[in-house]
2 protein chains.
Amino acid sequence: MFHGLADATRRDIVERVLREEQSVSALARRYAMSFAAVQKHVAVLERAGLVSKTRRGREQLVRGNPDILRTVARLLESYEQIWRHRARAIDDILAEDDDPERT
Amino acid sequence: MFHGLADATRRDIVERVLREEQSVSALARRYAMSFAAVQKHVAVLERAGLVSKTRRGREQLVRGNPDILRTVARLLESYEQIWRHRARAIDDILAEDDDPERT
DNA sequence: CTGATCTACAACCACACGGTTGTACGTTAG
DNA sequence: CTAACGTACAACCGTGTGGTTGTAGATCAG
């Protein structure tokens with residue numbers, strides 16, 4: 001998932017298709033690169049579960065998947081939580097040590 | 001930043017050093033790879049701002065940076081927010097359309 | 001049917017990544 | 001001082017990434 005988001009073009013695509021479903025060619029028109037390149041980016045995002053495609057006639061509509069985003073956000077928050085837990089443990093040790101003799 | 005987290009070993013390192021500062025060699029001992037490889041991973045994390053190093057004698061202590069984690073978590077939440085905003089807009093359109101004739 | 005459009009995929013290229021080994025240098029321990 | 005330790009860095013290798021072009025199959029418009 002992180003790899004999927006580790007590219008500016010792909011993050012931009014994710015943002016766009018979260019706002020609105022778009023065909024691959026509609027997306028490709030917005031970037032200064034070939035259709036095939038955009039197609040590959042979409043494929044990477046699809047493999048990462050960040051995006052899904054549905055056919056509509058000859059077009060392939062791409063839409064964002066907010067669930068995965070939320071999952072990753074939660075993971076990062078849990079990392080932050082680890083740190084906060086550690087910080088609290090340090091505070092506890094300092095609080096417990098109210099005897100000025102000990103360091 | 002995403003690239004920094006786009007590797008299982010690096011995510012594990014981040015988690016460890018958030019819990020507790022550790023020297024590069026102490027980290028290297030825990031993984032089935034060379035010291036140099038771990039050193040490179042730490043360098044990537046450092047470039048991404050996810051981690052910082054401070055010298056202590058001949059050792060180099062690595063510690064995690066929770067601020068960046070929080071920043072990225074906020075970014076992902078804003079993506080999710082985009083989707084929720086869009087979903088709400090759709091709801092509004094449907095609610096406004098209380099005439100059963102129109103689709 | 002014919003042609004334009006949208007998509008898929010293969011082949012290719014330059015380059016970065018994740019890993020290795022080897023060498024060199026500063027710092028600590030005996 | 002010497003040896004061991006912790007680190008830094010360069011060179012190398014296989015593989016994947018981000019990009020290109022080209023070809024081919026569906027689908028729609030006229």
Side-chain angles (χ1 to χ4, degrees), chain A residues 1-65 68-69 72 75 79, chain B residues 1-65 68-69 72 75 79:
Chain A
M1 323 193 227
F2 286 111
H3 172 248
L5 292 169
D7 179 278
T9 302
R10 283 200 293 267
R11 283 194 298 275
D12 198 76
I13 291 177
V14 167
E15 203 179 322
R16 278 188 204 282
V17 300
L18 276 174
R19 291 184 201 284
E20 185 179 11
E21 284 191 333
Q22 288 191 4
S23 70
V24 179
S25 55
L27 285 170
R29 260 176 250 124
R30 307 193 179 247
Y31 303 101
M33 64 181 78
S34 71
F35 172 85
V38 174
Q39 207 178 357
K40 281 191 182 183
H41 281 308
V42 172
V44 170
L45 290 171
E46 198 179 9
R47 246 180 286 135
L50 291 163
V51 128
S52 57
K53 294 192 295 188
T54 55
R55 271 220 165 275
R56 189 184 61 183
R58 64 182 163 185
E59 290 182 329
Q60 194 88 255
L61 293 184
V62 183
R63 74 167 193 280
N65 179 2
I68 305 284
L69 274 310
V72 181
L75 172 65
Y79 279 172
Chain B
M1 324 192 228
F2 285 111
H3 172 247
L5 292 169
D7 179 279
T9 302
R10 284 200 293 268
R11 284 195 298 275
D12 198 78
I13 291 177
V14 167
E15 203 178 321
R16 277 187 204 281
V17 301
L18 276 174
R19 292 184 201 282
E20 183 178 13
E21 286 191 331
Q22 289 192 5
S23 70
V24 179
S25 55
L27 285 171
R29 260 176 251 125
R30 306 193 179 248
Y31 303 102
M33 63 182 76
S34 70
F35 172 85
V38 174
Q39 208 177 355
K40 280 191 182 180
H41 281 308
V42 172
V44 170
L45 291 172
E46 197 180 10
R47 246 180 285 134
L50 291 163
V51 128
S52 58
K53 294 192 295 187
T54 55
R55 271 220 165 273
R56 189 184 61 183
R58 64 183 162 184
E59 290 181 328
Q60 193 89 254
L61 293 185
V62 184
R63 74 167 193 280
N65 179 3
I68 305 284
L69 275 309
V72 181
L75 172 64
Y79 279 171

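Note on naming: letters A, B, ... go to the chains in the order of the sequence lines (proteins, then strands), and numbering restarts at 1 for each one. Keep in mind that this is a model prediction, so the values were computed, not measured.
Once you apply a 4.0 Å limit to the heavy atoms of chain A, the touched nucleotides of DNA chain D run 5' to 3' over dT17(D) to dC28(D).
Looking at Arg63(B), its side chain never comes within 3.5 Å of a backbone N or O of Val17(B) through a donor-acceptor pair. Judged by distance alone, with hydrogens and angles left aside, the side-chain atoms of Asn65(A) form no donor-acceptor pair with the main-chain N or O of Val51(A) at under 3.5 Å.
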Identify each donor-acceptor pair in which a side-chain atom of residues 24-35 of chain A lies under 3.5 Å from a protein atom, sequence neighbours left out, and give them as a table.
from: Ser25(A); atom 1: OG; to: Ser23(A); atom 2: OG; distance (Å): 3.3
from: Tyr31(A); atom 1: OH; to: Asp12(A); atom 2: OD2; distance (Å): 2.6
from: Tyr31(A); atom 1: OH; to: Arg16(A); atom 2: NE; distance (Å): 3.2
from: Ser34(A); atom 1: OG; to: Ala37(A); atom 2: N; distance (Å): 3.1

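Taking the salt bridge (Lys or Arg N to Asp or Glu O under 4.0 Å) definition, one finds that Glu20(A) meets it with nothing, sequence neighbours left out. Listed by chain and number, the residues in a side-chain contact (heavy atoms from CB on, under 4.5 Å) with Leu75(B) are Phe2(B), Ser78(B), Tyr79(B) (sequence neighbours excluded). By the side-chain contact (heavy atoms from CB on, under 4.5 Å) test, Ala43(B) pairs with Arg47(B), sequence neighbours left out.
Within residues 28-47 of chain A, the residues having any heavy atom under 4.0 Å from DNA chain C are, by residue number, Arg29(A), Phe35(A), Ala36(A), Gln39(A), Lys40(A). For residues 15-24 of chain A, proximity to DNA chain C is found at Ser23(A), Val24(A), defined as any non-hydrogen atom under 4.0 angstrom from a strand atom.
From Ile13(B), atom CD1 reaches atom CG of Leu18(B) across 12.0 Å, with rounding to the nearest 0.5 Å. One distance of note links CD of Gln22(B) with CG of Leu61(B); it measures 9.5 Å at 0.5 Å rounding. One finds the CG atom of Leu50(A) at 6.5 Å from the CG atom of Leu69(A) (value rounded to the nearest 0.5 Å).
Nucleotide dC17(C) holds its C1' atom 15 Å from the CG atom of Asp7(A), rounded to whole Å.
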Before giving the answer on side-chain contact (heavy atoms from CB on, under 4.5 Å), spell out for Glu15(A) and Arg11(A) the whole-Å C-alpha distance, their side-chain angles and the decisive distance to 0.1 Å. CA-CA 6 Å; Glu15(A) 203 179 322; Arg11(A) 283 194 298 275; over 6 Å; no

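Residue pairs meeting the side chain to side chain donor-acceptor pair (under 3.5 Å) criterion with at least one partner in residues 1-10 of chain A, sequence neighbours excluded, are Arg10(A)-His41(A). Residue pairs meeting the salt bridge (Lys or Arg N to Asp or Glu O under 4.0 Å) criterion with at least one partner in residues 50-61 of chain A, sequence neighbours excluded, are Glu46(A)-Lys53(A), Arg56(A)-Glu59(A).
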Protein-nucleotides 25-30 of chain C N/O pairs closer than 3.5 Å?
none

